Amino acid sequence: MTEEKVAIVTGSSGGIGFETSMLLADNGFHTYATTRNLNKSEEIQEIASKKKIPLKTIQLDVNDDSSVKEAIETIVKENNRIDVLVNNAGYGLFGSLEELSIEEIREQFETNFFDVVRATKAVIPTMRKQGSGTIVNISSTGGRIGLVPFNTSYHASKFALEGFTESLRQELVEFGINIILIEPGTIGTNFMNNIRTAKNYNTDNSPYAKTIKRMFEGSVPIMANSSHPREVAQVILNVVNSSSPNVRYSAGKDAEVVLKKRSELSDREMEEWTRESWFDKKGFIRQ
Ligand SMILES: NC(=O)c1ccc[n+]([C@@H]2O[C@H](COP(=O)([O-])OP(=O)(O)OC[C@H]3O[C@@H](n4cnc5c(N)ncnc54)[C@H](OP(=O)(O)O)[C@@H]3O)[C@@H](O)[C@H]2O)c1
């Protein structure tokens, strides 16, 4: 059994999950870097072994009840404690609402919302009994603002995560369990490549094709200001090391700008600012 703090990170095959697992292990957390497909864990395991840091890879498919149960039982058996859970696994879903199917939208919620619920439910009994623990939910600036056109379901799933987190905090505070929201801005990961597009979308005859093309052109200055996923990992490390963390933290260069705008502007002004960011190619960070 380990004396070190035990951390679990979902979706560690790349991006924010990979960097968070590495940074937590680098800082002494006995870290379980989990992936749904263990073949994608080879790189992180190899680097961790070379660095001799306390990182283990384990298969955990957040979509699957029995996989989550089995992984958490193994971790508890090995350590008798869980100090940190980072609910990171997630993806984007792109498309007009008209062209998205209900199944595609349900799948989006299954991963971005219900998987967080499933993993969180699985660690609560251990954290409650030990009287401590931190659960970190990776939301997005898009969990506060419907910032990206043609991303209705992604935004809805992250807004749901924010409400879920705020309410659950009240439920678990008396057991010493902290639940925190991280709201990254544009982060340079495989997120964009992994975005799923509405199966019904066809550039040749979609009534939305022209607007979507304009939006993609407008994304260039936004992507140019993306931040490294290590910046998000650093915010998470600071949070789990804090004795009295806040409810939510922004992460990445543009996140702070966007959230500040949200607090300063009216709903209508914010909508206008967002449209200019995409369709007039002004980006989120303006000179
Ligand atoms: N990148 C950004 O700009 C940005 C901004 C705000 C918030 N976020 C949030 O940050 C989190 C991590 O994203 P990232 O940027 O690091 O993207 P990424 O590089 O695409 O990594 C996503 C991770 O989630 C896992 N995952 C995706 N869909 C899954 C599913 N259905 N079941 C199980 N695992 C799944 C992936 O596993 P596989 O390799 O097996 O697919 C991968 O490990 C997400 O929740 C995302 O919404 C990202």
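In listed order, ligands and their atoms are each counted from 1. This structure is a prediction, so every number in the text was calculated from the model and none was measured.
- Checked by distance only, ligand 1 and R36 come closer than 3.5 Å through their nitrogen or oxygen atoms.
- For atom 27 (C) of ligand 1, the closest non-hydrogen atom on the protein side is G90 O, 3.4 Å.
- Heavy-atom distances between G252 and ligand 1 stay at or above 4.0 Å for every pair.
- Of the charged side-chain nitrogens involved, at least one lies within less than 4.0 Å of a carboxylate oxygen, so that E217 and K213 count as a salt-bridged pair.
- Distances below 4.0 Å separate heavy atoms of G15 from the following atoms of ligand 1: 16 (O), 19 (O).
- With 3.5 Å as the limit, one finds a donor-acceptor pair spanning the side chains of S41 and T35.
- Of the protein's heavy atoms, N194 ND2, 2.8 Å lies nearest to atom 20 (O) of ligand 1.
- A salt bridge is defined here as a Lys NZ or Arg NE, NH1 or NH2 lying under 4.0 Å from an Asp or Glu carboxylate O, and K158 with E183 fails to meet this definition.
- For the ligand labelled ligand 1, residue T35 lies outside the 4.0 Å heavy-atom shell.
- Neither the backbone nor the side chain of E183 comes within contact range of ligand 1; no heavy atom lies under 4.0 Å.
- Looking at N88, I138, T34, T10, it is N88 that brings a heavy atom closest to atom 44 (C) of ligand 1.
- Taking any N or O of I16, backbone or side chain, at least one lies under 3.5 Å from an N or O belonging to ligand 1.
- Around CZ of R286, the count of heavy atoms belonging to other residues, nucleotides or ligands within 6.0 Å exceeds 12.
- In terms of polar-atom proximity, T111 is counted as a contact of ligand 1, with an N or O under 3.5 Å from an N or O of the ligand.
- When each of T20, V86, N88 is paired with T10, the side chain to side chain contact (heavy atoms under 4.5 Å, CB included) condition holds for N88 and for no other.
- Evaluated by nearest non-hydrogen atom to atom 5 (C) of ligand 1, the leading choice among G14, S227, G17, G185 is G185.
- Among all non-hydrogen protein atoms, the one lying nearest atom 19 (O) of ligand 1 is N190 N, 3.4 Å.
- Considering both main-chain and side-chain atoms, D61 never comes within under 3.5 Å of ligand 1 through any nitrogen or oxygen pair.
- Counting atoms of ligand 1 from 1 in the listed order, those under 4.0 Å from a heavy atom of V62 are 33 (C).
- Taking 4.5 Å as the limit, some side-chain heavy atom of E162 sits within range of a side-chain heavy atom of L181.
- Proximity to Y91 (heavy-atom distance under 4.0 Å) selects the following atoms of ligand 1: 28 (N).
- Residues R248 and E166 are paired through a salt bridge, judged by an N-O separation under 4.0 Å between the basic side chain and the carboxylate.
- Scanning for side-chain hydrogen bond (donor to acceptor under 3.5 Å, both in side chains) contacts around E231 gives an empty result, with sequence neighbours left out.
- At a heavy-atom distance under 4.0 Å, only backbone atoms of S139 (N, CA, C or O) approach ligand 1.
- Ligand 1 places these atoms under 4.0 Å from at least one heavy atom of S140: 6 (C), 7 (C).
- Distance from atom 15 (O) of ligand 1 to its nearest protein heavy atom, with residue and atom name: T189 OG1, 2.6 Å.
- Among protein heavy atoms, atom 3 (O) of ligand 1 sits closest to I187 N, 2.9 Å.
- Using a 4.0 angstrom heavy-atom cutoff, K158 counts as in contact with ligand 1.
- The proximity of N63 to ligand 1, defined as any non-hydrogen pair under 4.0 Å, is limited to the side chain.
- The environment of E43 atom CD is sparse: at most 12 non-hydrogen atoms of other residues, nucleotides or ligands sit within 6.0 angstrom.
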Between N112 and S157, is a side chain to side chain donor-acceptor pair (under 3.5 Å) present by the stated rule, with each step listed? CA-CA 6 Å; N112 288 13; S157 68; 3.3 Å; yes

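- Residue G11 places at least one N or O, backbone or side chain, under 3.5 Å from an N or O of ligand 1.
- Remark: the S13 side chain and the N37 side chain contain no N/O donor-acceptor pair separated by less than 3.5 Å.
- A side chain to side chain contact (heavy atoms under 4.5 Å, CB included) with N137 holds for exactly one of I182, N87, I180; it is N87.
- Salt bridge status for K260 with E256: absent, with no side-chain N to carboxylate O gap under 4.0 Å.
- Each of F191, Y91, F94, F109 was checked for a ring-ring contact (aromatic ring centres under 6.0 Å, His included) with Y154, and the lone residue meeting it is F191.
- The ring-ring contact (aromatic ring centres under 6.0 Å, His included) check on F164 picks up F113, with sequence neighbours excluded.
- Looking at ligand 1, you'll find an N or O of S13 within less than 3.5 Å of one of its N or O atoms.
- For ligand 1, the polar-atom distance check against Y154 finds a nitrogen or oxygen pair separated by under 3.5 Å.
- Between W273 and V258 the shortest side-chain heavy-atom distance falls below 4.5 Å.
- Scanning the protein heavy atoms around atom 13 (O) of ligand 1, the nearest turns out to be F191 CD1, 4.1 Å.
- Atoms of ligand 1 lying under 4.0 Å from at least one heavy atom of T186, given by number and element, are 3 (O).
- Near K40, the atoms of ligand 1 lying under 4.0 angstrom from a non-hydrogen atom of the residue are 38 (P), 39 (O), 40 (O), 41 (O).
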